[in-house]
**Q** 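Would you mind keeping the following structure in view while I ask a few things?
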Amino acid sequence: MTIDLGRGLVLRNPVMTASGTFGYGEEYTDFVDLAQLGGIIVKGTTLNPRQGNPYPRMAETPSGMLNCVGLQNKGVPYFINTIYPRIKDFDTNVLLNLSGSTLEDYVRGAEMINTLDKIPAIELNVSCPNVKQGGMAFGVTCAGITQVVSEVRKVYHKHLMVKLSPNVTNIAEIALAAEAAGADSVSLINTLMGMAIDAERRQPKLSMVTGGLSGACVKPVALRMVWQVAKAVKIPVVGLGGISNATDAVEFMLAGASAIEIGTANFIDPAISAKVADGMRDYCERHGFQKVSELIGALEG
Amino acid sequence: MTIDLGRGLVLRNPVMTASGTFGYGEEYTDFVDLAQLGGIIVKGTTLNPRQGNPYPRMAETPSGMLNCVGLQNKGVPYFINTIYPRIKDFDTNVLLNLSGSTLEDYVRGAEMINTLDKIPAIELNVSCPNVKQGGMAFGVTCAGITQVVSEVRKVYHKHLMVKLSPNVTNIAEIALAAEAAGADSVSLINTLMGMAIDAERRQPKLSMVTGGLSGACVKPVALRMVWQVAKAVKIPVVGLGGISNATDAVEFMLAGASAIEIGTANFIDPAISAKVADGMRDYCERHGFQKVSELIGALEG
Amino acid sequence: MKQIADFTLVGKECYGTSVLLRLRDEQPLPEIVPGQFVQVRVDDSPSTYLRRPISIHDVDVANHEISLLVQMVGEGTRHLGAANVGDQLNLVLPLGNGYTLPTKGERVLLVGGGIGIAPLYYLAKTMALKGVKPTFLLGGKKAADLVRVDAYSSIGETLITTEDGSLGEKGMVTMHSVWQQRQFDKIYVCGPKRMMMAVADIARANNVWCEVSLEHMMACGLGACLCCVEDTVEGNLCVCKEGPVFNTRRLKW
Amino acid sequence: MKQIADFTLVGKECYGTSVLLRLRDEQPLPEIVPGQFVQVRVDDSPSTYLRRPISIHDVDVANHEISLLVQMVGEGTRHLGAANVGDQLNLVLPLGNGYTLPTKGERVLLVGGGIGIAPLYYLAKTMALKGVKPTFLLGGKKAADLVRVDAYSSIGETLITTEDGSLGEKGMVTMHSVWQQRQFDKIYVCGPKRMMMAVADIARANNVWCEVSLEHMMACGLGACLCCVEDTVEGNLCVCKEGPVFNTRRLKW
Ligand SMILES: Cc1cc2nc3c(=O)[nH]c(=O)nc-3n(C[C@H](O)[C@H](O)[C@H](O)COP(=O)(O)OP(=O)(O)OC[C@H]3O[C@@H](n4cnc5c(N)ncnc54)[C@H](O)[C@@H]3O)c2cc1C
Ligand SMILES: Cc1cc2nc3c(=O)[nH]c(=O)nc-3n(C[C@H](O)[C@H](O)[C@H](O)COP(=O)(O)OP(=O)(O)OC[C@H]3O[C@@H](n4cnc5c(N)ncnc54)[C@H](O)[C@@H]3O)c2cc1C
Ligand SMILES: Cc1cc2nc3c(=O)[nH]c(=O)nc-3n(C[C@H](O)[C@H](O)[C@H](O)COP(=O)(O)O)c2cc1C
Ligand SMILES: Cc1cc2nc3c(=O)[nH]c(=O)nc-3n(C[C@H](O)[C@H](O)[C@H](O)COP(=O)(O)O)c2cc1C
Ligand code: FES
Ligand code: FES
């Protein structure tokens, strides 16, 4: 079940958990043996602490949810001093999801993370739709992505995964820009920007009016984008968006993903990530695949 | 309940049916008295006949569906000669949804439709994701939309509604371009581009691999885009995307829509369009609105 | 005239993975011809968004009842199969064009494969009323796939094939000895596409009139969305509106 | 240790728009403290995607049973209320931090509004076992909103207010005469936010220790998503993990 994403990032199996949906892993150890996962991606972290947005931060939608958490986190130094020591010996890959509002923040943060032995990769979040300066500006233009990725690349010497925003006209173009700027892999999708209104009270349901849509409802869009990007780039693609079971995960692999992440589904079944890994193994056995990597891009027709 | 969208397009109430989901209205007369609707928008029509894409053309998704019908239609002349005489005396506004692959096709088509007394408006579809030359190329750039709208505007003298694609980075920018080029209103959203895979057979579920996502699942994205566009433009905005009941319709009005369209929900309840009109009336009574137009953009906070 | 109506489940019989649902409307039924279908709304099934097309298996005009024979293949049909007597099911009906009825004296064969036998029951009953005695040729993988054989036998001679030979002749319907022994004037078919194509080939080879009922995936069921097309000699036609029954002459197979 | 488990509905009592669900696990229950809650998966409800947080109303360790008192306010809770004895419900439990128990001899008041009375039952039972006799002050719009009053009365003195005066004193809980007449050492509150804030004001004015249980909308229930925050004096804290019970000193109200 091993997947090698390059530059030292080797996953025991293709299943990781998505940033912002799995805390620091600690919240789920009662439900999942982390050694059953290819990796976990911890909560989006910024150089400096952020309080995030006011409550209410989430709204349920048909087969999905909106959130506007807004990158609440205690900052990179706190992560390094307080959280890292607690989680660094997890028996799985621990990736840090790095967000920022300025180029300097990204670079400073990456530099500091680069010193952490047990963090084999950064997932660079250039696509958070929930904060004014959440990097989304970087993530929606080729120029923006080229700039942030190439600057971070200069200081970060391990695996650099770039997480793409789906809120763009041409995702393949953005992925190509990330690749050219030195990304080792791309992950997609982050949330689609959406909105919910309480008609009775005539008010937005979210404190920030808009938020990021995730969950099963976004799967068709995510799958399409993964397919488009996988055809365009040569670096590995990590697929996510609405994956709720092993069949969904297999679909992303067939569309061209080398690994997958599970987000919102963790809320519905806290044990889902391990179950998906098991289910993918079963699928491979049932269909006569020796290695899970044979699924990558194996869509017919 | 009257809504005046300008340049002669006055709706009895804000509820219309979306192109491609209501046939030519005839398919629904057993279920809905068309006089209960503000208007119906007939199937996407191109200058020349199109066979559309091969079967399978649809796949179910969480709270939604994908389609790749591909603008199957008999062309504008056939519409004028054969369909128009059958539907022109419907007691509601009959709008034609005009698609094209070339600028010339759009212009020729619009010119011919301009001669039809009982068609008060064209909904210009510059956003069909299901055909290579379905106008989506026009719909995703400001330059494209400016070109097609301004050319059509020259030959079409009634209400010109431009239907926008959601598959763009900045929908407000595109809407502003349509407005500047002479659109009388904009409608949004068309379908989000998506994909579905049959994991067991390792094949795409749609003959064209990708298709357009519609239904309840897209509502949060549609609502957000309507809100963004309504804040940006001065012309009326027609909102659609996942509207399944009167509450949904009210939400689009609160977000800034002057009227709404119902698409995929017609498949689940063929009588839904009339029910939504009734439900909006009830909402207005219950909340003390004299006129439904008071709902437009009435989001608080 | 088509209508949307809440029917009450008044009877239910289970046959392995299939279930017979007897549904009653308060109101008199609209006119229904054999081969037409309903679109059922599947409530309380989070993974079923659209209605499901199901053939009308039987009609009881006096009691305002129709029957559906449903095979549980996915979430939607499983939810229908889990309905309890007393539950309400919302139907849009009657949809599509039915089979062309034979005229008296014609020798007719009704070929059904798997759950495709469903619409043939009401078709046969209607023929029988017109004085045409149908012969059934029903096929399945194994004996358990063939449900309600007694009911079919009570209307007409019922020939059977199973792939494993557990009932009737061993093999596919197209391999049944009846094809060698008898001539038919009209053949009516419903079942998996591959089986219908094979029967259509036999019919064409023998120059026999043949109607098949297609089971394309549908969204609206009303001819409005153009999702359910079959590529025919007349171009793409909506199975829900121009079909589901087609004379094989109109098809490209 | 938290767990995910399928519970069987073994008992159900209906009280107007509320319902008491008695749920049994095959396995022994984990340790549960008063004020903790469960996240219930709502099956077969197309419009309910996420789990729903519900307080633990009662615990019966010997029989591996917990009870939930659910008010049907939307699709999710209506589906829970429609469950039948014998159905399975999937729960994640126990979640959050509970109330701080009083020490013997303390005079405690348990204030509940609407469905907010739910967690107070197990809290009071636990106190009673420790020899602390609680006084309840329960409020509702009308008499029908107050459910299981007998059960509460059997544990401690039960004072009541209704806004329409149909039961107990007329008015809000904060207007009850008990506030003038008696002193308490600890006040425990659960109910609508506005009511909890009003009680917190009284407590603060009298310098009385007060814990409230917040009912924020939740996604994960585990402290992972940061959706359910309350803006406290310590910054944004997750109600699901740092709460749902907070001493009012920690809150900004
Ligand atoms: C006109 C018509 C009449 C029908 N009559 C009957 C009937 O009398 N009894 C009966 O049991 N079934 C009948 N069917 C088939 C029935 O509609 C499908 O089995 C049902 O829609 C499957 O829904 P589901 O949610 O259970 O399965 P899903 O979860 O939607 O699908 C399960 C599997 O079946 C496949 N599938 C689903 N629908 C179709 C389809 N229409 N064609 C081919 N593959 C499909 C899916 O791709 C998937 O692999 C009829 C279909 C049509 C179009
Ligand atoms: C820790 C905790 C313990 C709870 N304990 C109980 C309990 O013991 N018994 C009980 O009946 N309920 C309890 N609740 C509330 C319960 O979770 C909600 O009523 C339920 O989630 C509503 O789901 P629904 O699908 O029925 O309603 P929805 O359709 O989701 O919502 C109906 C309406 O209620 C509003 N709403 C939904 N959830 C909340 C919320 N958490 N806060 C404020 N407004 C909301 C919605 O905005 C909407 O207007 C508790 C909540 C929390 C956080
Ligand atoms: C509550 C919540 C918080 C999130 N926080 C982050 C984050 O901090 N950084 C990030 O890159 N993505 C974040 N995401 C996005 C997810 O990682 C993921 O890209 C998205 O939810 C789509 O996947 P899903 O449908 O499986 O949830 C968050 C998503 C949710 C629902
Ligand atoms: C089967 C189908 C066919 C469609 N055909 C057209 C079309 O011809 N022209 C067009 O502008 N939009 C077409 N659409 C898009 C709808 O008009 C609408 O924009 C979209 O479905 C979103 O609305 P909904 O979620 O309410 O369905 C089609 C949608 C569906 C589902
Ligand atoms: S299902 Fe819509 S046209 Fe047939
Ligand atoms: S609900 Fe996820 S942190 Fe509280």
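Lettering of chains follows the sequences in order, A, B, ..., and the numbering in each one begins at 1. Please read all numbers here as calculations on a predicted model, not as lab measurements.
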**Q** NZ of A:Lys219 to CG of B:Leu213: how many Å apart, nearest 0.5 Å?
**A** 11.0 Å
**Q** Give the member of A:Ala199, A:Pro220, A:Ala196 that has the highest number of heavy-atom pairs under 4.5 Å with chain B.
**A** A:Pro220
**Q** Which pair of heavy atoms, one from A:Ser63 and one from B:Ser63, lies closest together, and at what distance?
**A**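 Heavy atoms only, the tightest pair is OG-OG, 2.5 Å.
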**Q** May I ask you to test the A:Asn167-B:Thr169 pair for a side-chain heavy-atom distance under 4.5 Å?
**A**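 Not touching, per the 4.5 Å side-chain cut-off.
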**Q** What's the separation between atom CE in A:Met193 and atom CD in B:Gln228, rounded to the nearest 0.5 Å?
**A**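 Going from the CE atom of A:Met193 to the CD atom of B:Gln228 covers 4.5 Å.
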**Q** For chain A, which residues from residues 261-279 of chain B lie under 4.5 Å away (heavy-atom distances)?
**A** none
**Q** Out of A:Val218, A:Val209, A:Leu66, which one racks up the most heavy-atom pairs below 4.5 Å with chain B?
**A** A:Val209
**Q** Which residues in residues 241-255 of chain B have any heavy atom closer than 4.5 Å to a heavy atom of chain A?
**A** B:Thr247, B:Val250, B:Glu251, B:Leu254, B:Ala255
**Q** Got a sec, which residues hit side-chain hydrogen bond (donor to acceptor under 3.5 Å, both in side chains) with A:Arg201, two or more places apart in sequence or on another chain?
**A** A:Asp198, A:Gln203
**Q** Which residues satisfy the side-chain contact (heavy atoms from CB on, under 4.5 Å) test with B:Ala183, sequence neighbours excluded?
**A** B:Val149, B:Val162, B:Ala178, B:Ile235
**Q** Nearest 0.5 Å please: distance from the CD atom of B:Glu200 over to the OH atom of A:Tyr283.
**A**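 That separation rounds to 5.5 Å.
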**Q** With a 4.5 Å limit on heavy-atom distance, are the side chains of B:Ile197 and A:Trp227 in contact?
**A**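 With C-beta onward as the side chain, the pair stays apart.
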**Q** For B:Leu223, is it the side chain, the backbone, both, or neither that has a heavy atom closer than 4.5 Å to a heavy atom of chain A?
**A** both
**Q** Under a 4.5 Å cutoff for heavy-atom pairs, which residue among A:Pro204, A:Gly215, A:Gly64 has the most contacts with chain B?
**A**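 Top option by heavy-atom pairs under 4.5 Å: A:Pro204.
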**Q** Any non-hydrogen side-chain atom of B:Arg202 less than 4.5 Å from a side-chain atom of A:His287?
**A** yes
**Q** How long is the span from the CG atom in B:Leu192 to the CG atom in A:Leu192, to the nearest 0.5 Å?
**A** 6.5 Å
